[in-house]
Amino acid sequence: MSLQSSDITVVIAGTKRSVAGGTTAGDLFAEDKSTVVARVNGELRDLAHLLAEGDAVEAVGLDTDEGLAVLRHSAAHVLAQAVQQINPKAKLGIGPPIRDGFYYDFDVEVPFTPEDLKALENAMQKIINEGQTFVRRVVTDEAARLELADEPYKCELIGLKGGAAEAVTSVEGADVEVGAGELTIYDNIRRDGERAWGDLCRGPHVPTTKMLGNAYKLMRTAAAYWRGSEKNPQLQRVYGTAWASKDEMKDYLDRLAEAEKRDHRKLGVELDLFSFPDEIGSGLAVFHPKGGVIRKTMEDYSRIRHEESGYEFVYSPHISKRNLFDTSGHLQWFADGMYPPMHVDEECDAEGNVTRKGQEYYLKPMNCPFHCLIFRARGRSYRELPLRLFEFGSVYRYEKSGVVHGLTRVRGMTQDDAHIYVTADQVQAELKDLLTFVIDLLKDYGLDDFYLELSTRNEDKYVGTDESWAKATEALREAATDSGLDLVDDPGGAAFYGPKISVQARDAIGRTWQMSTIQVDFNLPERFGLEYQAADGSRQRPIMIHRALFGSVERFFGLLVEHYAGAFPPWLAPVQVIGIPVAEEFNDYLFEIAERLKAKRIRVEIDTSADRFPKKIRTAQKSKVPFMLIAGEDDRSAGAVSFRYRDGSQKNGVPIAEAIEEIVVAIESRVQV
RNA sequence: GCCGACGUGGCGCAAUUGGCAGCGCACCUGUCUUGUAAACAGGGGGUUGGGGGUUCGAGUCCCCCCGUCGGCUCCA
C-alpha cells in the first residue's frame, strides 16, 4: 500500500493495541496458521477485513465450530467451482455448511453419478492446489442481477433479500448466500490475479483454498427441492465433508463406519432378530424368536413398571368404523397418513344398485380415540382421577414410500401408549411425576444421556384457547426445568391439540434419538365430550395427557440394537449363557449346569455341534452371547466351570454355585457386562 | 410422493463386448473331537425381485411393477 495512514487502536482478544492504519484482521493473527476468520465487533469477517479505529477483534480458528463452518462453506464454493468448470451449464442453488460437512445444490440436466464425484474431487484438488484467494466484493442488487443473469436461483435469492428477509432465513442455508445487510460476491482469484470463479455469497471465507488441504471428501449425491418445498423443482445436491486435518476426517469416517456396523437392519439379519418379508409389505416387520425374546423382555419389564406406577391396562382393536376417526378428528387432519378404508357389508342387486349401505373401516393410526371411549363407557368421578390407561397398542400409518426405514420408520408399529385423564389441578403434578417415571425407565434400558425439547404452539394450526395453551405450556416447562435436564425450545413444533415435551436420548456413539413424548391435549376430551363429576357435583371436562416412552416398541428396539451394537446386556440378551464343552465328553456335565440355570429361568444353550472347540468359541463370540461357560476336565474334576466374556477375558475354575450366582445377579441388576 | 442408485442360493459377493450361473460362510452327511475367534472330505440348495419386450441367445439391453438404499418433502 502506498499511503501510510496513521495508527489506529484496536482491541485484540480484550487487550488494547495500537496498529498501523490499513492493518487487516489477518495481519494480527498471521503467525497462527489455523486462524480462518476473525470476529470483529461480534461479526465474523474475512481475514482480509480492514480494521477500523476501536474494533474489537479476535481470531476464530479451525478448532471452533464457527471456524469449521467457514471452512466447510468455502469447501462448498470449491465444489461449485469444480462443478461449473466441468459442466458450465450447471446452475447454482445454495451451498451452506452443515453438521460435519457441507452441500451444494445444482440444477443440472443429468444427475451426478458416483464417477462424477471422483472427477469433481480431482477438479477440487486442482483448485485447492492453485491456492486461490477468496475476495469479497460488495455489489448492488442491480449489478448482481446483471452479473448473475445466468443464475436464476441466485437471482431469486437476491429478490428475497430485501423485503422478505424472513423468507430467506426460513430456508435452511439460504442465509449464507444473502444476508440481511449488503449484497456481496466472493471471487476466487488465482495467484496471477485472474478471476477463476465467483459466487453470490455473504461469507466469510477462508483466505485461500490451500486451507482446505486434503481433509475433504465428497460423500454422496441426492435430490433436494429448491428452497425446501416439494412444490418447487428438485435440484441435485452433492454432500461433502471437510475437516481441519486429515486425522479429524479419518476419525469422522471411522465414526460413520462404526455407525454402519451397528446398523440395526444389518444386525437384525446377522443376529436373526427380525425381518421385513416383501410378501407382507413395506415397513411391516416380523420378529423372529431371538428378536421376540428381547422384545418380550422389554415389554414385560415395562408392564411391571407401569403396574407399580398406578397404570391400568386396557386393550383395543386394530380397526374401527370411520365414525370414530371423524369424532377424533383424525380423518380431518391426518387422512393422508392413514391407510385407505375397507368397505364392508355393502350389498347390491343384479343391476348393481346398492341395496344395503356398507360401512367404512379404518386401520387405527392412534390409540387415543379408543381410550377416550373407555373413559366414556360410564360416568366418571373426580375420585378416579388421575385415570391412567395403558396399552401396547398396534397402530398403522400409511407412511410415504420414500420414508420407510428399518424399524425406525414403519407402517405398522406398537406404541407403549398411555392416556392419563386428570383435572386441571392435577396436570402440574402429574406431568412432573411422569417425566421422572419416563427418565427412570429409559435409564433401566441402558440410556443415560438425555435432554428435553419443548414444542410450543404452531400459530397456523391449533385448537383450544390461548389460556389453556399457556397454562399447559407453563406446566410442561416447569416439569422440564425441575428435571434438571437441558431444555431446548421448539417453537411451533407442537401438534395442533396441545404442547409437548419430547425426551431426546444420546446413544453409545453420541447420536440423538427422539424417544418419549408427553403431550397435553385439550382437544380430544372436547371432541368426545368427556366429563367427570367433581366434588361439588358439577360436571367437568378432564384434561388428557398422551405419553409414550419407547415411542414405538419397534423403533426403541432398533435403537437398543444400535446402542448396544447387538451385544445386549444379559437381561435382554436372547441367549444369556452358552455352554461350550472342551470336548464331547463334557456335554453331560454342562447339561447338568444348564438344568440348574434353566430352573432360574435363564436362557441357556449348549453347543453340542460337531464343531471343534475353537470353532465353538468363535461361533459364540460372533453371536454376542454375554456369558460363555466352558467346561473341560479341569473344571469337571473341580466341580467348577470357566467363564469367557464377550471381551475375550476369562475366569477359570469358578464353582458352579458361584457361577450361577454371578449370572443371576447380572441379569437381575440389568447391568451390561 | 419426488430424484438417483441398486436387486444373483439363508448371508456376503463374482460372472469380459449379450455366450455353460460361480465362490466363501451357513446348512446336510461322513470321518474326527481335551482348553479359548474357522478340523477335513463329500453333498444339497438359484426360473438371477416379478411381468413384458428386443435377440439365434438376456443376470447383462429396453419398458412397466415390487422392494431396498441414499437424500428431499413428511413424521398426528
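Every chain is numbered from 1, with letters handed out A, B, ... down the list of sequences.
Regarding contacts with the backbone of B:G70, every side-chain N or O of A:Arg220 stays at 4.0 angstrom or more from both OP1 and OP2. Contact check, A:Tyr645 against B:A37: no side-chain N or O comes under 4.0 Å of OP1 or OP2. For A:Arg646, no side-chain nitrogen or oxygen approaches OP1 or OP2 of B:U36 to under 4.0 Å.
Distance noted for atom P between B:G18 and B:G57: 16 Å (whole Å). Here the separation of B:U55 from B:C63, taken at their C1' atoms, is 16 Å to the nearest Å. One P atom belongs to B:A26, the other to B:C66, and the distance between them is 38 Å to the nearest Å. The P atoms of B:C3 and B:G59 are separated by 29 Å, rounded to the nearest whole Å. When the P atom is compared between B:G22 and B:U48, the two are found 13 Å apart, to the nearest whole Å. Spacing of P atoms, B:U60 relative to B:U54, comes out at 15 Å, to the nearest Å.
If you check every strand for non-hydrogen atoms under 4.0 Å, A:His405 touches sugar and phosphate atoms only. No engagement by A:Asp336 is indicated, since no non-hydrogen atom pair under 4.0 Å with the nucleic acid exists. Nucleic acid contact class of A:Gln519 (heavy atoms, under 4.0 Å, all strands): sugar-phosphate only. Across all strands, A:Ile630 comes closer than 4.0 Å to base atoms (heavy-atom distances). A:Thr619 comes within contact range of no nucleotide atom at all, as no heavy-atom separation falls under 4.0 Å. If you check every strand for non-hydrogen atoms under 4.0 Å, A:Ser401 touches a base. Residue-level contact check: A:Arg265 touches the backbone only, with heavy atoms under 4.0 Å from sugar-phosphate atoms and none from bases. In this structure, A:Pro365 reaches the bases: a heavy-atom distance under 4.0 Å links it to at least one base atom across the strands shown. If you check every strand for non-hydrogen atoms under 4.0 Å, A:Phe276 touches nothing.
A donor and an acceptor atom sit less than 3.5 Å apart, one in the side chain of A:Lys400 and one in the base of B:U73. Taking only distance into account, the side chain of A:Arg555 never meets the base of B:C75 through a donor-acceptor pair shorter than 3.5 Å. At a cut-off of 3.5 angstrom, the base of B:G1 holds no donor-acceptor pair with the side chain of A:Tyr398.
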Nucleotide N/O of nucleotides 3-6 of chain B paired with protein N/O under 3.5 Å:
unit_1: B:C3; atom_1: O4'; unit_2: A:Gln234; atom_2: OE1; d: 2.4
unit_1: B:C3; atom_1: O2'; unit_2: A:Gln236; atom_2: NE2; d: 3.0

Protein-nucleotides 27-32 of chain B N/O pairs closer than 3.5 Å?
unit_1: B:C32; atom_1: O2'; unit_2: A:Arg612; atom_2: NH2; d: 3.2
unit_1: B:C32; atom_1: O2; unit_2: A:Arg612; atom_2: NH1; d: 2.5
unit_1: B:C32; atom_1: O2; unit_2: A:Arg612; atom_2: NH2; d: 3.4

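Rounded to the nearest 0.5 angstrom, A:Leu442 CG and A:Phe550 CZ are separated by 7.5 Å.
Between A:His546 and A:His419, the ring planes lie perpendicular to each other; the angle is over 60°, past the 30° to 60° tilted range.
Pair check for B:C28 finds B:G42; Watson-Crick or G-U wobble, both atom distances under 3.5 Å.
Remark: P of B:C66 and CZ of A:Arg411 are 11 Å apart, rounded to the nearest angstrom.
Within the 4.5 Å cutoff, the side chain of A:Tyr362 has heavy atoms near those of the A:Leu331 side chain.
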Show the atom names and distances, to 0.1 Å, of all donor-acceptor pairs under 3.5 Å that link a side chain in residues 110-117 of chain A to residues at least two apart or in another chain.
unit_1: A:Thr113; atom_1: OG1; unit_2: A:Glu115; atom_2: N; d: 3.4
unit_1: A:Thr113; atom_1: OG1; unit_2: A:Glu115; atom_2: OE1; d: 3.4
unit_1: A:Thr113; atom_1: OG1; unit_2: A:Asp116; atom_2: N; d: 3.1
unit_1: A:Thr113; atom_1: OG1; unit_2: A:Asp116; atom_2: OD1; d: 3.4
unit_1: A:Thr113; atom_1: OG1; unit_2: A:Asp116; atom_2: OD2; d: 3.3
unit_1: A:Asp116; atom_1: OD2; unit_2: A:Thr113; atom_2: N; d: 2.8

